[in-house]
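Structure record follows, encoded as structure tokens.
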Amino acid sequence: MRAAAFAEPGGPEVLKVMELPAPQAGPGQVRVRVRAAGVQPFDTAVRAGWLPPYMGEVGFPRIPGNEFAGVVDQVGPDVTGVSAGDEVLGFSRLFAYAEYVVVPATDVAPKPPGVPWEVAGGLTAGVQTAELALDGLGVKAGETLLVHGAAGSVGTAAVQIARARGARVIGTARAANHDYLRALGAEPVEYGEGLAGRVRALAPGGIDAALDGAGGHALEVSLELVADPARIVTLVEHGRAGELGVRVVQGERTAERLGRYAALYAEGRFAWTVRRAYPLAEAAEAHREVETGHGRGKVVLTL
């Protein structure tokens, strides 16, 4: 099978299209013929040499990618409720930048017919991370939430989820993305010097909670504006979270949650933007965009 993989850690240029053996579905697993795979900061960190501690030993060549959509083509023993030919979207830890990926059958959800492959392949990280973060923050009706990096994939989901819960949302983004945030239901403010003052002008009554998708100055502003640091979640500054008393995202991804948001998208009740879709051969370019870009929505690979 074709896969975008790397033989040693490094910059985006180490990602190459390789011919590798196709995985086979074992007990409780399904194999999916991948049509699209999302590109995340998690994946760029893996490519640079990081592995989450729960992964254990993973050899080379190493295939990044932990969200995907495609067609089930192989079903292992002891699997019920999923059949060959089913169109699904799902999640993994690695290995999604490939023509085939094997995952537990419990980690896929049906893809509604109205959801394009590019949307389905890049949906997992944004919606799962956003809902887990807002659950941890306890965001509720009548509160004001500050979202940094609000035009990105997690921010796009967080704005909509918080608004659906009855919260007011102030979102930071570049000026070019402010109309996009307004369409999602957020009140936009621009990044940069004076950010805390601009947020205070919009919310003189204060900020109840913050979701930091930018780090650095954005996290400092959150600490200045939110009275209780335990009501701040950072997606970026994991190394500083403990000393600052802020949260990181906790909880497990579920197929139920993923399927729920796929259905909402199909019903026209949840917006999702794919910023750019790259072919598998341009995986390195997709990584460069994720590492350096500040555009709206999601970057995906198509196969």
Side-chain angles (χ1 to χ4, degrees), residues 41 125-251 270-273 275 292-298:
V127 299
Q128 304 253 19
T129 302
E131 186 163 283
L132 287 168
L134 296 186
D135 287 348
L137 290 171
V139 173
K140 58 184 183 293
E143 292 192 319
T144 299
L145 172 71
L146 176 63
V147 178
H148 295 292
S153 60
V154 176
T156 291
V159 168
Q160 296 176 83
I161 295 168
R163 293 290 294 132
R165 295 181 181 186
R168 178 190 183 192
V169 181
I170 296 173
T172 65
R174 294 187 304 165
N177 291 324
H178 283 191
D179 285 344
Y180 174 72
L181 292 186
R182 291 187 186 98
L184 295 177
E187 299 168 56
V189 291
E190 192 162 4
Y191 290 126
E193 190 67 29
L195 174 59
R198 290 191 291 277
V199 174
R200 283 196 183 96
L202 278 176
I207 299 295
D208 297 294
L211 175 57
D212 165 38
H217 179 60
L219 180 56
E220 299 302 325
V221 168
S222 300
L223 288 163
E224 183 179 341
L225 296 176
V226 178
D228 181 1
R231 298 209 70 196
I232 300 170
V233 164
T234 181
L235 307 178
V236 181
E237 301 267 11
H238 294 89
R240 299 178 64 206
E243 66 181 84
L244 296 174
V246 305
R247 295 174 176 266
V248 296
V249 175
Q250 295 182 321
F270 184 80
W272 195 249
T273 300
R275 177 159 89 242
T292 62
H294 300 282
R296 67 190 65 171
K298 187 76 181 187

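To the nearest 0.5 Å, atom CG of residue Leu146 and atom CG of residue Leu195 are 7.0 Å apart. Taken to the nearest 0.5 Å, the CD atom of Glu224 stands 4.5 Å off from the CZ atom of Arg200. Going from atom CG of Asp212 over to atom CD of Glu220 covers 9.5 Å, rounded to the nearest 0.5 Å. Within the model, atoms CZ of Arg296 and NE2 of His178 stand 10.5 Å from one another, a figure rounded to the nearest 0.5 Å. The distance from the CG atom of Leu184 to the CD1 atom of Ile161 is 11.5 Å, given to the nearest 0.5 Å. In this structure, the separation between CG on Leu211 and CG on Leu235 is 5.0 Å, given to the nearest 0.5 Å.
The two residues Ala173 and Leu181 come nearest to each other via the heavy atoms CB-CD1, 3.6 Å. The nearest pair of heavy atoms linking Ala196 to Leu225 is O-CD2, 4.2 Å. When all heavy atoms of Gly297 and Arg275 are compared, the closest pair comes out as O-NH1, 3.1 Å. In this structure, Trp272 and Ala157 approach most closely via the heavy-atom pair CZ3-CB, 4.0 Å. Across all non-hydrogen atoms, the minimal contact from Gly192 to His217 is O-NE2, 3.7 Å. The two atoms that bring Leu202 and Pro188 nearest to each other are CD1-O, 4.2 Å, heavy atoms only.
Residues Leu145 and Leu137 form a side-chain contact, since some pair of their non-hydrogen atoms from C-beta on lies under 4.5 Å apart. In this structure, Leu223 and Ile232 have side chains that are in contact, with non-hydrogen atoms separated by less than 4.5 Å. Side-chain contact between Asp208 and Arg168 is absent, with no heavy-atom pair separated by less than 4.5 Å. By the 4.5 Å heavy-atom criterion applied to side chains, Leu219 and Val236 are not counted as neighbours.
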List the steps, then state whether salt bridge (Lys or Arg N to Asp or Glu O under 4.0 Å) holds for Arg198 with Glu190. CA-CA 8 Å; Arg198 290 191 291 277; Glu190 192 162 4; over 6 Å; no
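For Glu243, the CD atom is densely surrounded, since the number of other residues' heavy atoms within 6.0 Å is greater than 12.
For the pair Arg163 (side chain) and Ala167 (backbone), a donor-acceptor distance under 3.5 Å is present. Although no hydrogens or angles enter the test, the distance criterion places a donor-acceptor pair under 3.5 Å between the side chain of Arg247 and the main chain of Ala230. Tyr191 places a side-chain N or O within donor-acceptor distance of the main-chain N or O of Gly149, the cut-off being under 3.5 Å.
Each of Val139, Val249, Val233 was scored for a side-chain contact (heavy atoms from CB on, under 4.5 Å) with Leu134, with one residue passing: Val139.
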